[in-house]
Amino acid sequence: EVDCVENDEKNNPQYDVTFLSGEEATISQREILLAVWAKDVTFLQPRILLNLSRCLLKLANVDTTRGNASCVGENMSSAKSSRQERYRLAAVRGVSIALSLCEYHTLESLDDSAQELDSLAEKARIVRSRAFLDLKKIPNATVDAKKVLAKNSESREAQALLADIRAMDAYNKSVDKRLSKEVCRWVQTATNSTKGTEAMDKTDDSVSEDQSDEAGRNVVEDAEPSHRKLYSWQLARKISMELCAVFAFLIAMWVIYDPPESQKL
C-alpha cells in the first residue's frame, strides 16, 4: 500500500509504501512497474497487459526495421538489442506482471472467480512461452508450456507450442553437430598436411641438441615408409659428398705440397 507521496531534493516523487509483510520502504518512481487496482473485480489490468503483450509479439513479426533500438531514458550507444528483440522482451515483462496480478487477485478473490483467473494465467503463460521461443530461450519456453499442460492436458495451443519448441531444439542440435563435424574435419586436414614440419616446429628452443636429434629420429620413425626412404637417401647422399670432399682435399694436398730436401727419401 502507498502511504504518501513526497518530492525529494531534486523535485522527483518518492513513495512511502508498506509491503504485505508489514515492512515499510521508500521507493522512487523508476522502481514502480504498476500500481495495482485492488478493487479490479473484472480483472481489467491483467487483461490489458495480456492484450498488449500479444500486440507486441505481432509487432515483432511485422516490423522488419533493422538496427538496434533503445528504450526511453536509455543511451543509444549502449543499445545492444534489435527492435524485434525489444518487442519480445517487453511482451515477456508485460505477461510477467499480468501473472503477478493474477496471483494477487487469486489470494483476494472468491471461489467463483478462481476459474477465470486460471484461464487468464493459462493464456498469459502461452503468450510468454511464445515470446521466449522467439527469443530462442528454449528452457524458459518449455517451463511455461509444461505448466499449462500440467493444469490442462488438453490445451491444443500448449501442445502445438511444445511441438514447436522440440522442433527448434532438434534443429539447433543438428546444426551444432554439423558444425562440430566440419571443425573436426578441418583440424584433421590441417594436421595431416603438416605432420612432419609441425612436429619439428613444436620443439622448444630450450631443448638440447641431443634431445633435438632424438625428436628428429622419432619423427622419421613415425613417418610414412616413403618419407623414411627419402630421408635415408638424403642422409647417405650427404655423407658421400662429405667423404668425396675429404678425399679430394687430401689428393690436392699431396699433389701441391713439396716437402723439403731433408724430408725426401
Side-chain angles (χ1 to χ4, degrees), residues 1-8 11-63 71-74 84-135 137 140-161:
E1 295 181 358
V2 178
D3 297 329
C4 64
V5 180
E6 298 178 348
N7 293 335
D8 59 7
N11 202 25
N12 294 323
Q14 288 186 335
Y15 300 83
D16 294 336
V17 298
T18 301
F19 297 105
L20 297 177
S21 60
E23 182 183 359
E24 297 182 354
T26 301
I27 60 176
S28 63
Q29 190 170 1
R30 290 185 177 182
E31 298 176 87
I32 300 175
L33 294 175
L34 180 71
V36 179
W37 182 20
K39 297 181 180 181
D40 187 8
V41 293
T42 59
F43 314 122
L44 184 61
Q45 282 184 310
R47 293 179 188 276
I48 292 175
L49 287 171
L50 182 57
N51 290 333
L52 179 60
S53 300
R54 287 172 174 166
C55 293
L56 287 171
L57 288 183
K58 291 291 184 180
L59 190 59
N61 296 327
V62 173
D63 189 356
C71 296
V72 178
E74 183 181 11
Q84 294 75 20
E85 290 175 337
R86 292 286 186 180
Y87 292 141
R88 293 173 179 127
L89 288 172
V92 170
R93 295 189 186 98
V95 173
S96 299
I97 298 174
L99 284 171
S100 298
L101 288 173
C102 290
E103 293 176 0
Y104 169 78
H105 289 299
T106 300
L107 298 175
E108 301 293 333
S109 63
L110 301 176
D111 294 338
D112 55 351
S113 59
Q115 186 176 359
E116 185 177 0
L117 288 171
D118 289 341
S119 177
L120 282 175
E122 177 181 324
K123 295 176 182 177
R125 290 192 181 279
I126 290 176
V127 173
R128 190 169 67 173
S129 179
R130 175 63 63 182
F132 278 135
L133 181 61
D134 293 340
L135 290 170
K137 295 183 178 181
N140 304 77
T142 305
V143 169
D144 277 336
K146 287 185 175 181
K147 283 186 176 181
V148 173
L149 290 175
K151 290 188 175 182
N152 183 11
S153 59
E154 298 179 357
S155 175
R156 294 184 179 180
E157 290 183 283
Q159 292 174 357
L161 190 56

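Numbers here simply count residues along the sequence, with the first being 1. Predicted, not measured: the structure shown is a model, and the values here were computed from it.
Evaluation of the side-chain hydrogen bond (donor to acceptor under 3.5 Å, both in side chains) rule for N152 yields E122 as partners, not counting sequence neighbours. Not a single side-chain hydrogen bond (donor to acceptor under 3.5 Å, both in side chains) links Q14 to another residue, sequence neighbours left out. Partners of R128 according to the side-chain hydrogen bond (donor to acceptor under 3.5 Å, both in side chains) rule, which considers only residues two or more places apart in sequence or in another chain, are S96, D144. With sequence neighbours excluded, no residue forms a side-chain hydrogen bond (donor to acceptor under 3.5 Å, both in side chains) with S100. Applying the salt bridge (Lys or Arg N to Asp or Glu O under 4.0 Å) criterion to E85, with sequence neighbours excluded, gives no partner residue.
The shortest heavy-atom contact between R88 and A131 is O-CB, 4.0 Å. Between D63 and Y87, the closest heavy-atom pair is OD2-OH, 3.0 Å.
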Return all side-chain donor-acceptor pairs below 3.5 angstrom for residues 35-53, not counting sequence neighbours, or 'none' if the list is empty.
unit_1 : atom_1 : unit_2 : atom_2 : d
D40    : OD1    : F43    : N      : 3.1
D40    : OD1    : L44    : N      : 2.8
D40    : OD2    : L44    : N      : 2.7
D40    : OD2    : Q45    : N      : 2.9
Q45    : OE1    : W37    : N      : 2.9
Q45    : NE2    : A35    : O      : 2.8
R47    : NE     : T42    : O      : 3.1
R47    : NH2    : E116   : OE2    : 2.1
N51    : OD1    : R54    : NH1    : 3.4
N51    : ND2    : R47    : O      : 3.3
S53    : OG     : L49    : O      : 2.9
S53    : OG     : A91    : O      : 3.3
S53    : OG     : V95    : N      : 3.4

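Taking 4.5 Å as the limit, every side-chain heavy atom of L161 sits out of range of all side-chain heavy atoms of V148. D16 has its side chain out of reach of E24: every pair of non-hydrogen atoms, C-beta onward, lies at least 4.5 Å apart.
In this structure, the separation between NZ on K123 and CD1 on I126 is 9.0 Å, given to the nearest 0.5 Å. Of the inter-residue distances, the one linking T106 atom OG1 with D118 atom CG reads 6.5 Å to the nearest 0.5 angstrom. Rounding to the nearest 0.5 angstrom, the gap separating the CD atom in E154 from the CZ atom in R156 is 9.0 Å.
Judged purely by atom type and a 3.5 angstrom limit, S129 has no side-chain atom pairing as donor or acceptor with the backbone of R125.
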